[in-house]
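The basis for the numbers below is simple: all heavy atoms, side chains too, and nothing from hydrogens, waters or symmetry mates.
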Amino acid sequence: QVQLVESGGGLVQAGGSLRLSCAASGRTFNTYAMGWFRQAPGKERESVAAISWSGTMTYYADSVKGRFTISRDNAKNTVNLQMNSLKPEDTAVYYCAADHTINLLLRDPDYWGQGTQVTVSS
């Protein structure tokens with residue numbers, strides 16, 4: 001069982017930066033791929049970024065490539081999403097997620113956090 005708690009959301013102006021963090025409980029954190037999804041009002045949830053258990057493989061949605069960076073610290077059971085050059089269209093609730101592999105995570109993660117709101121003003 002893995003429990004996930006996100007933090008770091010907030011309001012920022014376009015062009016600004018935010019750093020989201022996800023704290024995971026459970027002894028087997030370092031065996032899970034981790035990722036971030038987001039859901040904007042009236043839209044379906046979409047994948048944003050993912051990272052393998054070892055941190056050696058990453059995935060980014062085309063819409064965030066070059067602006068967002070995912071990282072993890074297995075010693076601290078945390079995964080982070082550094083978001084730079086934010087745009088109003090990045091406004092959404094951001095969710096942390098976990099599953100055994102990146103492929104499984106991107107299809108249908110086993111574990112979800114409660115979400116954190118990110119609002120980017122123009």
Side-chain angles (χ1 to χ4, degrees):
Q1 191 77 6
V2 176
Q3 293 184 323
L4 306 171
V5 178
E6 303 96 334
S7 61
L11 173 65
V12 65
Q13 288 190 329
S17 298
L18 278 176
R19 183 178 176 88
L20 304 183
S21 292
C22 175
S25 65
R27 295 176 296 171
T28 58
F29 170 78
N30 61 1
T31 66
Y32 283 87
M34 301 294 297
W36 291 91
F37 290 71
R38 67 185 181 187
Q39 188 167 21
K43 294 188 176 181
E44 291 189 355
R45 193 176 300 187
E46 62 177 359
S47 58
V48 175
I51 188 167
S52 62
W53 67 269
S54 63
T56 56
M57 292 189 293
T58 57
Y59 157 86
Y60 294 97
D62 288 343
S63 57
V64 306
K65 280 181 182 176
R67 300 188 299 121
F68 291 11
T69 302
I70 190 169
S71 62
R72 67 188 295 160
D73 186 336
N74 287 342
K76 296 181 179 179
N77 281 14
T78 58
V79 60
N80 300 305
L81 186 68
Q82 178 66 42
M83 306 185 295
N84 299 329
S85 303
L86 282 162
K87 305 174 181 179
E89 51 264 43
D90 293 319
T91 295
V93 177
Y94 283 71
Y95 298 89
C96 180
D99 210 317
H100 290 287
T101 68
I102 288 183
N103 286 339
L104 289 173
L105 185 145
L106 294 176
R107 279 204 294 267
D108 186 14
D110 278 348
Y111 302 103
W112 291 95
Q114 83 287 352
T116 185
Q117 176 70 47
V118 171
T119 303
V120 184
S121 63
S122 57

Next item on the list: I would like to know whether Met34 and Leu4 meet side chain to side chain contact (heavy atoms under 4.5 Å, CB included); could you show each step before the answer?
Entry: CA-CA 10 Å; Met34 301 294 297; Leu4 306 171; 3.7 Å; yes

Next item on the list: Applying side chain to side chain contact (heavy atoms under 4.5 Å, CB included), run through Gln3 and Val5 and close with a yes or a no.
Entry: CA-CA 7 Å; Gln3 293 184 323; Val5 178; 5.8 Å; no

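What you find for Thr31 and Trp53 is that their closest heavy atoms are C-CB, 3.7 Å. Considering every non-hydrogen atom in both Pro88 and Ala14, the closest pair reads CD-CB, 4.1 Å. When all heavy atoms of Gly8 and Leu18 are compared, the pair lying nearest together is O-CD2, 3.9 Å. Closest non-hydrogen pair, Ala49 versus Tyr60, comes out as CB-CD2, 3.7 Å. Shortest non-hydrogen contact noted between Leu105 and Ala97 is CD1-O, 3.6 Å.
Note that CD1 of Ile102 is 7.0 Å distant from OG1 of Thr58, once rounded to the nearest 0.5 Å. Separating the CD atom in Gln39 from the OH atom in Tyr94 is a distance of 12.0 Å, to the nearest 0.5 Å. In this structure, CG on Leu81 lies 10.5 Å from CD1 on Ile51, to the nearest 0.5 angstrom.
Side chain of Thr69 to backbone of Gln82: no donor-acceptor contact under 3.5 angstrom is found. A donor-acceptor distance shorter than 3.5 angstrom exists from the side chain of Glu6 to the backbone of Gln114, with no hydrogens or angles considered. Of the possible polar contacts, one joining the Thr101 side chain to the Leu104 backbone as a donor-acceptor pair under 3.5 Å is found. Formation of a donor-acceptor pair under 3.5 Å by the Thr119 side chain with backbone atoms of Leu11 is not found in this model. Remark: the backbone N or O of Ile70 is not paired with any side-chain donor or acceptor of Asn80 at under 3.5 angstrom.
Salt-bridge annotation for Asp90 and Lys87: absent, with no side-chain N of the basic residue lying under 4.0 Å from a carboxylate O of the acidic one. Note on Arg107 versus Asp99: no salt bridge recorded, every NZ/NE/NH1/NH2 to OD/OE distance being 4.0 Å or above.
Annotation: side chain of Val118 is in contact with side chain of Met83 (closest heavy-atom distance under 4.5 Å). Counting heavy atoms from C-beta outward, Asp73 and Phe29 have side chains that stay 4.5 Å or more apart. You'll find the side chain of Thr91 reaches within 4.5 Å of the side chain of Gln117, heavy atoms only. Looking only at side-chain heavy atoms (C-beta outward), Cys96 and Trp112 stay at 4.5 Å or farther from each other. Contact check for Glu46 versus Arg38: side-chain heavy atoms found under the 4.5 Å cut-off. Trp36 places a side-chain heavy atom less than 4.5 Å from the side chain of Cys22. The shortest side-chain heavy-atom distance between Leu20 and Thr116 falls under the 4.5 Å cut-off.
When hydrophobic clusters are built by joining Ile, Leu, Val, Met, Phe, Trp and Tyr residues whose side-chain heavy atoms come closer than 4.5 Å, directly or via intermediates, Val12 is grouped together with Val64. Phe37 and Val93 fall within a single hydrophobic cluster, where Ile, Leu, Val, Met, Phe, Trp and Tyr side chains are chained together by heavy-atom contacts under 4.5 Å.
Both tests hold for Arg45 against Tyr95: distance to the six-membered ring centre under 6.0 Å, angle to the ring axis within 45°. Judged by the 6.0 Å distance and 45° axis criteria, Arg72 is not positioned over the aromatic ring of Tyr32.
Within the structure, ring-ring contact (aromatic ring centres under 6.0 Å, His included) pairs that include any residue of residues 61-88 do not occur (at least two apart or interchain).
Counted by atom type alone, Asn84 and Ser17 present one or more donor-acceptor pairs between their side chains at under 3.5 Å.
By the side chain to side chain contact (heavy atoms under 4.5 Å, CB included) test, Ala23 is found to be paired with no residue, residues two or more places apart in sequence or in another chain being considered.
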